[in-house]
Protein chains: 2
Amino acid sequence: MSIRTTATIQKIKPGVKIWLSLNKEGVFGHGKWQLLDAIHREGSLRAAADALGISYRKAWGDLRKAERILGVRFLERRRGGAAGGESSLTPEGKKWHKEYARFHTEVETEIARAFSRWQKRMKA
Amino acid sequence: MSIRTTATIQKIKPGVKIWLSLNKEGVFGHGKWQLLDAIHREGSLRAAADALGISYRKAWGDLRKAERILGVRFLERRRGGAAGGESSLTPEGKKWHKEYARFHTEVETEIARAFSRWQKRMKA
DNA sequence: ATACGATATGCACAATAATACCATTCGAGG
DNA sequence: CCTCGAATGGTATTATTGTGCATATCGTAT
């Protein structure tokens, strides 16, 4: 194994993409988590979409689809009013937000470990 | 938490996609692993591509790119001859093939564990 | 009553990204 | 010199994904 190769291996990083799916269809991943997170912070789907730099159309559609497929209500929506309306997370929405974050963190941690073992083996 | 929701959670499955990247660019993942695997079995890039149902152009391009970026020679190529030519894995190619498989398996195992913890929490 | 701003929703379209398809050259053994 | 895989460059095609636009609904503060 050349010096060159060993140096390259040091610079390699692991990439990961995880999600949850129902009937082969992805329904909850980092995107949805970010959306719930932003809504919780911002108070509305509109503001959340802006904060994430995505169109309202997409944010709304994504959430709608996930809710439909999972049969879960993530948001408490309120239309009208002085501010036009607002959205907040339902208890279930909060639960998904929290537990998914934990799942994600755990996976990331394990991947980092497995990766460092891989690196060690490759250098050997 | 409704009965309906609990039943849904049972049916959810985790999805994963992992890969290795250098300078933000993905260079080795399941696809490349499959390619090395098929070449090892089939004896040529041509046959490997056919076996995987992808175009020779793509198989060749993918490998070429990975080799270039990583500075690793995965294949021992031989052009010409009665059979037109053939390809086999170099020792390094074999090492990547083997160790990546192990890394991948380890990650899958851990994801399955983290996921089942997630399910347990969600049902609670 | 009216205005305002967010939710709700359909649909056509742009922007990529990914992959297939085609054409040509190289190379060595039969 | 014929064959068939390796080696490459172009270009066409497809798939995915998000955007933009138009339109309607809704409820409160003014």
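Please read all numbers here as calculations on a predicted model, not as lab measurements.
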Decide if the gap between the ring center of B/Phe28 and the ring center of B/Trp19 is smaller than 6.0 angstrom.
-> no

Aromatic plane relationship, [Y] with [X] - under 30° parallel, 30 to 60° tilted, over 60° perpendicular:
X	Y	value
B/Trp118	A/Phe103	tilted
A/His40	A/His97	tilted
A/Trp33	A/His30	parallel

When you look at B/Ile18 and A/Ile18, which way does the side chain to side chain contact (heavy atoms under 4.5 Å, CB included) test go after all the steps?
-> CA-CA 8 Å; B/Ile18 61 175; A/Ile18 62 175; over 6 Å; no

Protein-nucleotide distance ([X], atom [atom1]; [N], atom [atom2]), rounded to Å:
X	N	atom1	atom2	answer
B/Arg78	D/dA7	CZ	P	11 Å
B/Leu35	D/dG5	CG	P	16 Å
B/Ile39	D/dG5	CD1	P	14 Å

Between B/Arg113 and B/Glu110, is there a salt bridge with N-O shorter than 4.0 Å?
-> yes

Before accepting this row, confirm whether a basic side-chain N of the pair A/Glu92/A/Arg73 lies closer than 4.0 Å to the acidic partner's carboxylate O.
-> no

A/Glu86 or A/Arg64: which one's nearest nucleotide on DNA chain C is closer to the 5' end?
-> A/Glu86

Would B/Phe115 and A/Leu20 satisfy side chain to side chain contact (heavy atoms under 4.5 Å, CB included), going step by step from the backbone distance to the final call?
-> CA-CA 9 Å; B/Phe115 174 71; A/Leu20 301 174; 3.7 Å; yes

Expected list for residues 15-33 of chain B near DNA chain D, using heavy atoms below 4.0 Å, is none

Under 4.0 Å protein heavy-atom contact, by nucleotide of nucleotides 17-30 of chain D - B base, S sugar-phosphate only = -SSBB---BBBBS-

Are B/Arg77 and B/Ser88 linked by a side-chain donor-acceptor pair shorter than 3.5 Å?
-> no

Rounded distance (nearest 0.5 Å) linking atom CG of B/Leu35 with atom CG of B/Leu75 = 8.0 Å

Chain B reaches DNA chain C, atoms under 4.0 Å from its heavy atoms, from C/dT19 to C/dG30

